Amino acid sequence: MPWSILELMRNEPEVLKEHIKKRQLEPSIVDSAVALDSRWRAILTKINELRHHHNVVSSEITRARGEERRKLIEEARSLKNSLEEAERELRAIEEERMKAIRGLPNVVEDGVPVGGEEASVPIRFWGKPKVYKDYVVSFEEQTEKYGFIPNYEIIDFKPVGHADMLENVLKLADTLKAGEVSSSRFYYLFDDIVWLDFSLLLFAIDRLTSKGYSLVLPPYMLRYGVINSVIDLETFKDAIYKIEGEDLYMIATAEHPIAALYYNEEIYDDELPKKYVGFSPAFRKEAGAGNRDLKGIFRVHQFHKVEQFVFSLPEESKKYHEEIIGNAEEIFRELGLPYRIVNIASGDLGACATKKYDLEVWMPSQGKFREMVSASNCTDWQAYRLNIRLIRRKGMVRDYVHTLNSTGIASTRVITAIIENYQLPDGSVVVPKVLRRYLEPFERAPKEVIKPRMVRP
RNA sequence: GCCGGCGUAGCCUAGCCUGGUAAGGCGGUGGCCUCGAGAGCCACUGGGCUUUGCCCACGCAGGUUCGAAUCCUGCCGCCGGCGCCA
């Protein structure tokens, strides 16, 4: 079976346009892709005919002698000229066609709310958020408006924001010095916060490997052709760092190298699903972020991440999409961080995703739910570009696998959530119980509480 | 980084010197046979197109030639040796 988007583009372009409109993109990109594709196919047919003729003449040369041979060679030469001209014509259009086709986003799954960012809808809530008394109205707007009445606790003290906590209360981060020696959105973290970072990663790795996901430490850099197959142009522009003078790009998440694990390979249906949990640092330019979240460590150029990744049968990808968001929810429930799950609106989906769930944790000092996890079903969009085929043994039918990815833990973001949710009025931060067993082996690691310091270490 | 060897279909392998249009095996799929299984036999088993057919594909990209897996150039990767290195 060919790639689903190409099939749709050729057979039902109007349907594909509806999907593009839902994403608030220009539907005419389909028309230009279709036009380039038909033109390309017409030239290709012409070339095939010329090549055939040329092949026939060439094979006659083998047997011919004398004058006849001389004439045949002359004919082959002239065919070669017409062929080269047609090939130039094809090359002229080929790259443009490929760009147009690769520029097409995935379709939008049924049930995804249609509209821009504001159209995204929370679909479930968990936990008992701590709501500072002045934020109660705003909290209700973020819950009751969608028909949910979660249980919450009103608190009298306003927790200090994570950036001030880290820099001025706990004194366990230095973003000013990092800004000076690297640039903004970098950080130094110290002692208890570093232990916290590692324990979060180990906790997520422990949970996910227990569920049968294979642990993988992937390459942190990829070639252009590979990384460009995993992500869309927007992500590339806004997120990806390049190594000067080499064909290497730094990954923005382990999703990229794990997706590439089967680059140009075939997977038999009885080997699926393949489930992985990857660990890697994540490097992001955050070029499109402007001044947003400039303070602290919520939005940074570099952090640690545990990632879930699944290669699945096409008919099972929806099931695994629910599974990976479910795994992430389990992790956040065990951490005791109140969250909501949001079904992301069509206009806010990445080009790869047909549907996306975000997990957003309640941040008491900001009075908002903030994104901690993003779980996407990419169906065959990445697999087509990476050329990862699925072979169904019954009848040896060739198809494309489906790929899915979800955050497990993104260290710095979860640290901000812990600092805001586990903060006591005296400025100390309680260590979530579930992390303690990962801190226990280390003499100097915090076990129960992280206390404010007088001076930065 | 330097020197040498290698790269052929899902896998293994022949062809390369001496240019004439990819041979064989394994695995897989379907069928015949069988009460059933096995064995045996037959067909199929990379991509594309306007699909009884045709075109393309021998790591990738160029070049020479009527014709390139084969000859030439550059690049990538793997293996071995030397050098460097946490």
Side-chain angles (χ1 to χ4, degrees), chain A residues 1-11 13 33-98 100-102 217-229 242-249 257 260-272 274 281 311 313 380 383-401:
Chain A
M1 232 171 280
W3 182 41
S4 62
I5 304 292
L6 192 62
E7 204 173 30
L8 200 58
M9 182 193 94
R10 285 179 178 170
N11 302 330
V34 168
L36 285 163
D37 186 53
S38 352
R39 176 106 186 94
W40 176 82
R41 289 205 277 177
I43 300 170
L44 190 63
T45 303
K46 187 167 90 183
I47 285 177
N48 280 345
E49 283 161 4
L50 282 166
R51 278 176 179 162
H52 176 57
H53 196 174
H54 184 259
N55 281 347
V56 170
V57 174
S58 271
S59 65
E60 280 167 4
I61 291 173
T62 312
R63 293 186 298 273
R65 292 290 175 272
E67 177 64 10
E68 196 198 348
R69 184 184 173 93
R70 201 192 56 75
K71 275 168 73 180
L72 285 172
I73 288 179
E74 200 44 55
E75 192 186 351
R77 226 175 237 145
S78 110
L79 278 169
K80 190 77 189 293
N81 284 339
S82 329
L83 187 57
E84 273 168 7
E85 197 190 315
E87 280 172 343
R88 270 194 296 277
E89 216 180 324
L90 190 74
R91 264 198 301 275
I93 198 174
E94 205 159 39
E95 196 182 327
E96 218 182 328
R97 168 190 178 260
M98 207 54 211
I101 287 175
R102 285 173 69 112
L217 192 93
Y220 299 164
M221 300 177 204
L222 294 170
R223 296 180 194 285
Y224 174 82
V226 175
I227 198 162
N228 186 45
S229 302
K242 183 185 190 328
I243 302 296
E244 179 71 31
E246 307 211 28
D247 180 27
L248 284 174
Y249 295 79
L261 183 57
Y262 291 92
Y263 184 59
N264 280 335
E265 288 195 32
E266 300 176 332
I267 304 179
Y268 287 88
D269 52 3
D270 50 17
E271 299 168 44
L272 292 172
K274 287 178 178 287
F311 297 91
L313 288 170
D380 62 355
Y384 168 73
R385 295 158 66 105
L386 287 163
N387 194 27
I388 304 176
R389 306 303 303 248
L390 160 68
I391 300 183
R392 298 182 190 271
R393 293 217 181 253
K394 179 94 182 155
M396 293 300 274
V397 177
R398 295 173 71 81
D399 206 335
Y400 287 97
V401 301

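In the text below, chain A, chain B and the rest are named by the order of the sequence lines, each starting its count at 1. Note that the structure is predicted; figures quoted are calculated from it, not measured.
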For residues 43-55 of chain A, run the donor-acceptor check on the side chains, cut-off 3.5 Å, and write out each pair with its distance to 0.1 Å, sequence neighbours left out.
from: A:Thr45; atom 1: OG1; to: A:Arg41; atom 2: O; distance (Å): 2.9
from: A:Lys46; atom 1: NZ; to: A:Glu89; atom 2: OE1; distance (Å): 3.4
from: A:Arg51; atom 1: NH2; to: A:Glu87; atom 2: OE2; distance (Å): 2.9

**Asked** Who passes salt bridge (Lys or Arg N to Asp or Glu O under 4.0 Å) against A:Glu85, sequence neighbours left out?
**Response** none
**Request:** Sequence neighbours left out, what passes salt bridge (Lys or Arg N to Asp or Glu O under 4.0 Å) with A:Glu266? Give chain and number order.
**Result:** A:Arg398
**Request:** Report, as a single string ordered 5' to 3', how protein heavy atoms within less than 4.0 Å touch nucleotides 48-64 of chain B: B base, S sugar-phosphate only, - not at all.
**Result:** BSB---SSS--------
**Asked** Which parts of residues 72-89 of chain A get close to RNA chain B, meaning a heavy atom less than 4.0 angstrom away?
**Response** A:Ile73, A:Ala76, A:Arg77, A:Lys80
**Fill in**
Output field dot_bracket for RNA chain B (Watson-Crick or G-U, both distances under 3.5 Å, | for other-strand pairs) contains ((((((((.[[[..)....(...]]]((((((.......))))))((((...))))..[[[[[..)....]]]]])))))))....
Can you check nucleotides 7-12 of chain B for protein contacts, nitrogen or oxygen pairs under 3.5 Å, and list what you find?
from: B:rG10; atom 1: O4'; to: A:Glu266; atom 2: OE1; distance (Å): 3.1

**Item:** With sequence neighbours excluded, residues passing salt bridge (Lys or Arg N to Asp or Glu O under 4.0 Å) with A:Arg77
**Value:** A:Glu74
**Asked** Partners of A:Tyr224 by ring pair (Phe, Tyr, Trp, His ring centres under 6.0 Å), sequence neighbours excluded?
**Response** A:Phe236, A:Tyr249
Pairs under 3.5 Å (N/O, protein and nucleotides 18-20 of chain B):
from: B:rG20; atom 1: O6; to: A:Arg69; atom 2: NH2; distance (Å): 3.4
from: B:rG20; atom 1: N2; to: A:Ser58; atom 2: O; distance (Å): 3.4

**Request:** With sequence neighbours excluded, tell me which residues meet side-chain contact (heavy atoms from CB on, under 4.5 Å) with A:Glu60.
**Result:** A:Val56, A:Arg63, A:Leu72
Can you tabulate the close N/O pairs, meaning under 3.5 Å, that link protein atoms to atoms of nucleotides 73-75 of chain B?
none

